[in-house]
Amino acid sequence: MTYSDLTVSDLTVSDRPSANAALVRQMLQHAALRRPAALDQRRIAYERAAEAFAAPPAGGEAVPIGAASGTWIRRPAAGRPVLLYLHGGFYCMGSARSHRHLAGRLADLTEAACLILDYRRGPEHPFPAAVADAVAAMETIRAVAPAGPVVIAGDSAGAGLAVSVAMRLRDDGARAPDLLMLFSPWTDLTCSLRSHQELASADPVLATEDLLAMAELYAGRADRRHPEISPIFGDLAGLPPVLVQVGGQEVLLDDALMLVEGIRTAGGHAILHHWPHMFHVWQWYHPILPEGVRALHDAGQVARTVTAGAGTAPSRTGGCAAGTPAPGTASSAPSGPPG
């Protein structure tokens, strides 16, 4: 399949935030003030945050993947795309468990089988362990579904990892995924882009100092400008089509915008969905957040079009995808954010 005729249409959703968006923002700001200092405690809090408001999909099959492991939420079937999901968490937190509700919903909307990867995390397993694990996951998928389309999706650190894996596959001459779906990608682990200063007071989830500390734990002795650590500094030519969704109220805004600009400058295809009033990885809160539901519907629409081989991405210039927001109340809001 080729993408020389893929039409790129961006989407800006500037609708007034929902009442639940304001409530989630307040919860996130409160959680940031109570954030544990020790990494092991933060990992526990991260897992509990997901359990507080979202039931994971039923079932699932754990499988070894190289030195890591993964969970098939839904096994591949003939003619069905496969979604590989790479979770966020600063490369040091998060798991298949904390992101199954997001990966499972995205798989439903993409009409895909789904493998969510528990890649090895820093600091116990610094770079390049996570990259090697994600490459092994792609090999696992190709072994069981050699002919079908594959989408790699991820949020935050997992989204940056998805780009790094696509670059590694390209450099190795391996078959590329058909699409990358990136939610609030972290692509510059030096945290040197302008939005870190301009949006520091607006971001209820991320603090640059915390990002830098986590980046050091993940990178270890490696240069944080290494292209497989910070893909924004790498060669962005020859990548598969990329969908980027980013909020305008997050310090990683420029990580997303610079990635899109770099891919397009290199001759590639990138679709940007910009939500000016949203915070970091708002899709994670889709069980209670209408904006999360709408963003995932848009992502699913793009993925279905690309994996069906239609040759053109949906033409969108404004507004939101149709869909009924999931019901939610303030009492079901999460106690902590993704990263």
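When atom types are taken as modelled, the side chain of Trp282 and the backbone of His277 share no donor-acceptor pair closer than 3.5 angstrom. No side-chain donor-acceptor contact under 3.5 Å links Ser98 to the backbone of Gly94. Side-chain atoms of Tyr119 come within 3.5 Å of backbone atoms of His87 as a donor-acceptor pair (strictly under, hydrogens ignored). Without hydrogens or angle criteria, Arg224 side chain to Glu216 main chain gives no donor-acceptor distance under 3.5 Å. Using a distance-only test at 3.5 Å, with no hydrogens or angles considered, no donor-acceptor pair links the side chain of Arg142 to the main chain of Val150. Listed for the Tyr46 side chain is no donor-acceptor partner under 3.5 Å among the backbone atoms of Ser95. Not one N or O on the side chain of Thr71 forms a donor-acceptor pair closer than 3.5 Å with the backbone of Ile116. A donor-acceptor pair under 3.5 Å links the side-chain atoms of Arg170 to the main chain of Ala237, judged by distance alone. In this structure a side-chain-to-backbone donor-acceptor pair under 3.5 Å is present from Asp255 to Thr187. The backbone N or O of Ala157 lies less than 3.5 Å from a partner atom in the side chain of Tyr91, making a donor-acceptor pair.
Side-chain contact check for Val260 versus Val246: every heavy-atom pair is 4.5 Å or farther apart. Between Leu39 and Pro123, some side-chain heavy-atom pair lies under the 4.5 Å cut-off. Leu252 has its side chain within reach of His196: a pair of non-hydrogen atoms, C-beta onward, lies under 4.5 Å apart. No side-chain heavy atom of Pro227 sits under 4.5 Å from any side-chain heavy atom of Asp235. A heavy-atom distance below 4.5 Å is found between the side chains of Leu182 and Leu259. Using a 4.5 Å cut-off on side-chain heavy atoms (C-beta onward), Ile271 and Pro241 make no contact. Side-chain contact check for His101 versus His286: some heavy-atom pair is nearer than 4.5 Å. Residues Val144 and Trp72 are in side-chain contact: their nearest non-hydrogen atoms beyond the backbone lie under 4.5 Å apart.
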* Stepwise side-chain contact (heavy atoms from CB on, under 4.5 Å) check, His280 with Leu28 -> CA-CA 10 Å; His280 186 62; Leu28 293 173; over 6 Å; no
* To do: Apply side-chain contact (heavy atoms from CB on, under 4.5 Å) to the pair Leu106 and Gln283, showing each step before the final yes or no.
  => CA-CA 10 Å; Leu106 189 59; Gln283 302 88 343; over 6 Å; no
* Take Arg168 and Met138 through the test side-chain contact (heavy atoms from CB on, under 4.5 Å) and record every step on the way to the result. => CA-CA 11 Å; Arg168 171 77 70 87; Met138 282 295 293; over 6 Å; no
* Asked: Would Phe279 and Val24 satisfy side-chain contact (heavy atoms from CB on, under 4.5 Å), going step by step from the backbone distance to the final call?
  -> CA-CA 10 Å; Phe279 38 81; Val24 171; 3.7 Å; yes
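In the displayed structure, Arg225 atom CZ is contacted under 6.0 Å by at most 12 heavy atoms of other residues, nucleotides or ligands.
Annotation: the span from Arg80 atom CZ to Thr307 atom OG1 amounts to 11.5 Å, rounded to 0.5 Å. With values rounded to the nearest 0.5 angstrom, Met258 atom CE is found 9.0 Å from Asp188 atom CG. In this structure, CD on Glu291 lies 6.5 Å from CZ on Arg294, to the nearest 0.5 angstrom. One distance of note links CZ of Arg121 with CG of Leu217; it measures 12.0 Å at 0.5 Å rounding. Rounding to the nearest 0.5 Å gives a distance of 10.0 Å between CD of Glu261 and CG of Asp254. Arg75 CZ to Glu61 CD: the interatomic distance, rounded to the nearest 0.5 Å, is 4.0 Å.
Phe90 and Ile44 are not part of a single hydrophobic cluster, where members link through side-chain heavy atoms under 4.5 Å apart. The cluster map of Ile, Leu, Val, Met, Phe, Trp and Tyr, joined by side-chain heavy atoms under 4.5 Å apart, puts Leu212 and Leu161 in different clusters. When the side chains of ILVMFWY residues are joined at heavy-atom separations under 4.5 Å, either directly or via intervening members, Leu115 and Val131 end up in a single hydrophobic cluster.
Residues Pro231 and Ile229 approach most closely at CD-O, 3.4 Å, considering heavy atoms. Smallest separation of non-hydrogen atoms from Leu253 and Gly247: CD1-O, 3.6 Å. Residues Ile263 and Ala270 share a closest heavy-atom pair of CG2-CB, 4.1 Å. Nearest heavy-atom pair, Arg175 versus Asp178, reported as atom, atom and distance to 0.1 Å: NH2-OD1, 4.3 Å. Of all non-hydrogen atoms in Pro240 and Pro177, the two that sit nearest each other are CB-O, 3.1 Å. When all heavy atoms of Leu179 and Ala303 are compared, the pair lying nearest together is CD2-CA, 3.7 Å.
Under the 4.0 Å criterion applied to side-chain N and carboxylate O atoms, Arg35 and Glu209 are not assigned as salt-bridge partners. A salt bridge links Arg97 with Glu51; the closest basic N to acidic carboxylate O contact falls under 4.0 Å.
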